[in-house]
Amino acid sequence: MQASRIGNLVEKFVNTDQAKQIHCQILVGNLHNLEPLLVRQILKCAAHYSARTTHYVRSILRCMRIRDAFSASCTIRYLSQLGQFRDALALYSESHASGIFPNTFAVSSALKSCARILCKSGGLMIHGQVQKLGFCEVVFVQTALLDFYSKLGDMVVAHKVFDEIRERNVVSWNSLLGGYVKCGKLAMAQSVFDEMPERDVVSWNSMISGYTRAKDMEQAYELFRRMPQRSSASWNAMVTGYIECGKMELARSFFDAMPERNNVSYITMISAYSKCGNVECARELYDQRSEKDLLLYNAMIACYAQNSRAKDALQLFDQLLKQNTKFQPDKMTLSSAISACSQLGDSEHGAWIESYMKEMGIAMDDHLTTSLIDLHTKCGDIDKARELFNGLQSRDLVAYTAMILGCGINGRAKEAIGLFDEMIDSGMVPNVVTFTGILSAYSHVGMVEEGYHCLMSMQRHGVGPTPDHYSIVVDLLGKSGRVEEAYELIKSMGSVAPHAGVWGALLRACSLHGNVEVAEIAASKCFELEPDSSGYRSLLAGIYAAAGRWEDADRLRRGVEEKGLVKIPGSSWIQ
DNA sequence: GTAGGGTTAG
């Protein structure tokens, strides 16, 4: 088959099956030396498609036995443009190892990849090669180096690289400016901004994001007002700034006032609504946007998963799989989907996702592994979870917490405590969720003293106990018959106002141990805090009944029925 | 070179 014919085919391929076919044709045709132009075409097409397509393109390239610097640099560049930084770097070192000298394109793309994944050692190595290869005066390479050090936060070296650039362009200046902005050195950023011989819209946008990061919205707005022309990034930066300052209304009014909204604008607003629990507004914006990309899907799926709407998350995930041949889910999509499965305890769906990942060649990362750890613990396979946990590249707070929670709900208190200690020893700072995990581990096996002391130790770890933590310990004390102590604990809460859950735990303890006196106190608090909930009334009625106080029990039960009647309207029997 | 998406509880 002619190379040009393959080129035409490649231009048209839209899904993986066609990509596969092309792959086979190349194999059969034994076209080891495709024209560089064709290589470019293949990669250009691949750039529009998914990770899986890239996977095939890589194998195409592999069977072509890349042996010239041009094909290699093209591939590295496209991979890096696709955001596949690790792949780009792997190919860079692969071709380097096989004796191909990188050109300036390959070097600057590889540096960009190092910068994006913060691979310090890789960048330093490439810097060394740059000197050997004599690329020190190529402005592309110099700017890539500058950007690499800026992203690492090493502004001393970054500035040095900048000083060595003879023909600085606006991109070099912007990289330096961006570096100071990112590490929070706003005064330095401002002086770079003032010194710049020319500024473009990126310079102004960087400066704005410097002020929005510092939550100085007045200065940010001043720049926004003064800048000669605005891009969508300028508007988006302002929206992000107001969101971070907790000013959702202002953020929304900027969003509404934008002359043109892009996916970044929508995603920013959707994830902000997600964080404050406003799923309806998020969905409304999601529906408004017709040109959806994978990130927009991901934002909405994550929004559902983060707000306990697991079924909706999975429904949207399935929709993405079925309706959109254009995008394949990526790591972000999958971790939200797995989280949703875990919330539902749906191990079948979870297993399907796992096999899907294998089939697609989607590599695991620590975030994804953490959601799988959570899934397996919720489905009772604690050994599998532990195996995944042991395989993590680095154990962060969330991973430890997921594992501790998992041990807790599976009755492995000892293991949970071991993990907790290990975590503290390695200098990590537990958060409120970690304590929920360790406390429920104690609760599960009835370790009363340990649980109580753990609650008391929270302040020492810099975590203020929340009402949820108190309810676990109240429940733990109550279950073991120490109702009075549980009551005393609630009274000692001070500034942490007990919610209905705390009093409810006490009420359940009273029901278990027939303590009418404390039950009446707990119940009256529950009624006060959650007047619409009938459960507490039934619980107290049961306690009265058990104590032989039939009249009181009856009075409460009648009250429940009356309330029940009031609450029903809205359902079908009205018709 | 600027602006966007993920994992732990309830």
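Naming convention: chains lettered A, B, ... in sequence-line order (proteins, then strands); numbering from 1 in each chain.
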Undergrad: Which of these nucleotides, B:dA3, B:dT8, B:dT2, is closest to any side-chain atom of A:Ser231?
TA: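 Given the options B:dA3, B:dT8, B:dT2, the side chain of A:Ser231 is closest to B:dT2.
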
Undergrad: So does A:Asp366 reach the base of B:dG6 with its side chain, donor to acceptor, closer than 3.5 Å?
TA: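 Side chain to base: no pair below 3.5 Å.
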
Undergrad: What is the distance from CD of A:Gln229 to C1' of B:dT2, rounded to the nearest Å?
TA: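 So the two atoms are 13 Å apart, to the nearest Å.
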
Undergrad: For the residue pair A:Phe435 and A:His461, does the interplanar ring angle fall in the parallel (under 30°), tilted (30 to 60°) or perpendicular (over 60°) class?
TA: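 Ring orientation, 0 to 90° scale: tilted.
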
Undergrad: Round to the nearest Å and state the distance from A:Asp293 atom CG to B:dA3 atom P.
TA: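 For the pair A:Asp293 CG and B:dA3 P, the rounded distance is 17 Å.
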
Undergrad: Without decimals, in angstroms, what is the distance between A:Glu198 CD and B:dT2 P?
TA: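 Going from A:Glu198 (CD) to B:dT2 (P), I get 17 Å.
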
Undergrad: Assign A:Ser209 to base, sugar-phosphate, or nothing according to its heavy-atom contacts below 4.0 angstrom with the strands shown.
TA: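 Nothing, no nucleic acid heavy atom in range.
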
Undergrad: Closest approach to the side chain of A:Lys151, judged atom by atom: which nucleotide of B:dT8, B:dG6, B:dT2 is it?
TA: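 In terms of side-chain proximity for A:Lys151, the closest of B:dT8, B:dG6, B:dT2 is B:dT2.
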
Undergrad: Rounded to whole angstroms, how far apart are CD1 on A:Ile438 and C1' on B:dT8?
TA: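 Spelled out: CD1 on A:Ile438 to C1' on B:dT8 is 14 Å.
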
Undergrad: What do you reckon, are the aromatic ring centroids of A:Trp503 and A:Tyr536 less than 6.0 Å apart?
TA: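 Ring-ring flag for A:Trp503/A:Tyr536: false, centres at least 6.0 Å apart.
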
Undergrad: Would you mind telling me which of B:dA3, B:dT2, B:dT8 lies closest to the side-chain atoms of A:Asn262?
TA: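 Nearest nucleotide to the side chain: B:dA3.
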
Undergrad: Below 6.0 angstrom between ring centroids: does that apply to A:Tyr149 and A:His159?
TA: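 Distance test on ring centres: not under 6.0 Å, no.
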
Undergrad: Base, sugar-phosphate, or nothing: which does A:Asn169 touch, judged by heavy atoms less than 4.0 Å apart?
TA: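 Contact class for A:Asn169: none.
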
Undergrad: Could you work out which one of B:dT7, B:dG6, B:dG4 sits closest to the side chain of A:Ser371?
TA: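 Nucleotide nearest to A:Ser371's side chain: B:dT7.
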
Undergrad: A:Ser335 side chain: which of B:dT2, B:dA9, B:dT7 is closest?
TA: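 Side chain of A:Ser335 sits closest to B:dT7.
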
Undergrad: Less than 6.0 angstrom separating the ring centers of A:Tyr266 and A:Tyr286, yes or no?
TA: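 No - the distance between ring centres of A:Tyr266 and A:Tyr286 does not fall below the 6.0 Å cut-off.
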
Undergrad: Could you tell me how far apart A:Met332 (CE) and B:dG4 (P) are, to the nearest whole angstrom?
TA: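 These atoms are roughly 13 Å apart.
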
Undergrad: Find the distance A:Gln343:CD to B:dT7:C1' and express it as a whole number of Å.
TA: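 So the two atoms are 11 Å apart, to the nearest Å.
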
Undergrad: Would you say a side-chain N or O of A:Lys275 is under 4.0 Å from OP1 or OP2 of B:dG4?
TA: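 A:Lys275 to B:dG4 OP1/OP2: no side-chain N or O under 4.0 Å.
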
Undergrad: What nucleic acid atoms does A:Thr466 come within less than 4.0 Å of, heavy atoms only: base, sugar-phosphate, or nothing?
TA: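 Here A:Thr466 touches no strand at all.
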
Undergrad: Taking 4.0 Å as the cut-off, does a side-chain nitrogen or oxygen of A:Lys292 come that near to OP1 or OP2 on B:dG4?
TA: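 Result: no.
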
Undergrad: Please pick, from B:dA9, B:dT7, B:dT2, the nucleotide with the shortest atom-to-atom distance to any side-chain atom of A:Val433.
TA: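 For the A:Val433 side chain, the nearest candidate turns out to be B:dA9.
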
Undergrad: Output the distance between atom SG (A:Cys407) and atom CD1 (A:Ile438), rounded to the nearest 0.5 Å.
TA: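 So the SG of A:Cys407 and the CD1 of A:Ile438 are separated by 9.0 Å.
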
Undergrad: Between atom CD1 of A:Ile373 and atom CG of A:Leu388, what is the distance when rounded to the nearest 0.5 Å?
TA: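 These two atoms lie 5.5 Å from each other.
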
Undergrad: Look at A:Ser339 and B:dT8 and indicate whether a side-chain polar atom (N or O) is within less than 4.0 Å of OP1 or OP2.
TA: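 For B:dT8, OP1/OP2 do have a side-chain N/O of A:Ser339 under 4.0 Å.
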
Undergrad: Taking the minimum atom-to-atom distance to the side chain of A:Ser336, which one of B:dA3, B:dG4, B:dT7 wins?
TA: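 Per side-chain heavy atoms of A:Ser336, the pick is B:dT7.
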
Undergrad: Would you indicate, yes or no, if B:dT8 has its OP1 or OP2 atom less than 4.0 angstrom from a side-chain nitrogen or oxygen of A:Lys378?
TA: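 It does not, given that no N or O in the side chain of A:Lys378 lies less than 4.0 Å from OP1 or OP2 of B:dT8.
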
Undergrad: Output the single nucleotide from B:dT8, B:dT2, B:dG6 whose closest atom is nearest the side chain of A:Leu368.
TA: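 For A:Leu368, the side-chain atoms sit closest to B:dG6.
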
Undergrad: When you get a sec, tell me which of B:dT2, B:dG4, B:dT7 is the closest nucleotide to the side chain of A:Val264?
TA: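 In terms of side-chain proximity for A:Val264, the closest of B:dT2, B:dG4, B:dT7 is B:dG4.
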
Undergrad: Students often get this wrong, so: under 4.0 angstrom with heavy atoms, is A:Ala302 touching a base, only sugar-phosphate, or nothing?
TA: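 Sugar-phosphate: the residue A:Ala302, judged by heavy atoms under 4.0 Å, touches backbone atoms but no base.
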
Undergrad: Identify which nucleotide among B:dT8, B:dG4, B:dT2 has an atom closest to any side-chain atom of A:Asn205, counting heavy atoms from C-beta outward.
TA: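 Nearest to the side-chain atoms of A:Asn205, counting from C-beta on, is B:dT2.
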
Undergrad: Tell me whether the side-chain N/O atoms of A:Gln306 come closer than 4.0 Å to OP1 or OP2 in B:dT8.
TA: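 Negative; the distance criterion is not met.
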
Undergrad: If you look at every strand shown and take non-hydrogen atoms under 4.0 Å, does A:Asp374 touch a base, only sugar-phosphate, or nothing?
TA: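 Sugar-phosphate: the residue A:Asp374, judged by heavy atoms under 4.0 Å, touches backbone atoms but no base.
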
Undergrad: Using 30° and 60° as the class limits, which term best fits the ring planes of A:Trp204 and A:Phe193: parallel, tilted or perpendicular?
TA: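 Answer is perpendicular, since the angle exceeds 60°.
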
Undergrad: Just the rounded figure in Å: distance from P of B:dA3 to CD1 of A:Ile267.
TA: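 Distance check: A:Ile267 CD1 to B:dA3 P gives 14 Å.
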
Undergrad: Please confirm whether the shortest side-chain N or O distance from A:Arg261 to OP1 or OP2 of B:dG4 is below 4.0 Å.
TA: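 Checking B:dG4 against A:Arg261, no side-chain N or O comes under 4.0 Å of OP1 or OP2.
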
Undergrad: Just the rounded figure in Å: distance from P of B:dA3 to CZ of A:Phe224.
TA: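 Atom-to-atom, A:Phe224 to B:dA3, this comes out as 16 Å.
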
